[in-house]
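So the structure is just underneath, and the comments pick up after that.
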Amino acid sequence: METDPGMKLQEARLCLDCEELHTQEQCPVCASEAFSFLTRWIPSNEVTRDLAAAERRRADRLILREALASR
Ligand SMILES: [Zn+2]
């Protein structure tokens, strides 16, 4: 997995087509404009009081980890 040295979590995007991590308007690998911000799965400084939301994010992180591991 390649990441830019200066990539910030708040700016990191996951390409929905090839799962590349990038910070651009479109994927540098496959040129897809379909992406999702990583903070959707990994809140950086969020205090979570909503346990249901926390559970959902944990499940989403597992899915993301599997997706990245299968590359
Ligand atoms: Zn891509």
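Numbering of ligands and ligand atoms starts at 1, following listing order.
C27 and H22 make their closest contact through CA-NE2, 3.7 Å (heavy atoms, listed as atom of the first residue, atom of the second, distance). Considering every non-hydrogen atom in both L14 and L68, the closest pair reads CD1-CD2, 4.2 Å.
Chaining together hydrophobic side chains whose heavy atoms lie under 4.5 Å apart leaves L16 on its own.
For E33 and R13, the salt-bridge test fails: no basic side-chain N is under 4.0 Å from an acidic carboxylate O.
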Exercise. Do C30 and E20 pass the side-chain contact (heavy atoms from CB on, under 4.5 Å) test, and can you show the C-alpha distance, the side-chain angles, and the key distance before you say yes or no?
Worked result: CA-CA 9 Å; C30 72; E20 175 72 10; over 6 Å; no

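Here the protein contributes C15 SG, C18 SG, C27 SG, C30 SG as N, O or S atoms under 2.8 Å from the Zn ion (ligand 1).
Between L64 and L38, the closest side-chain pair of non-hydrogen atoms falls below 4.5 Å.
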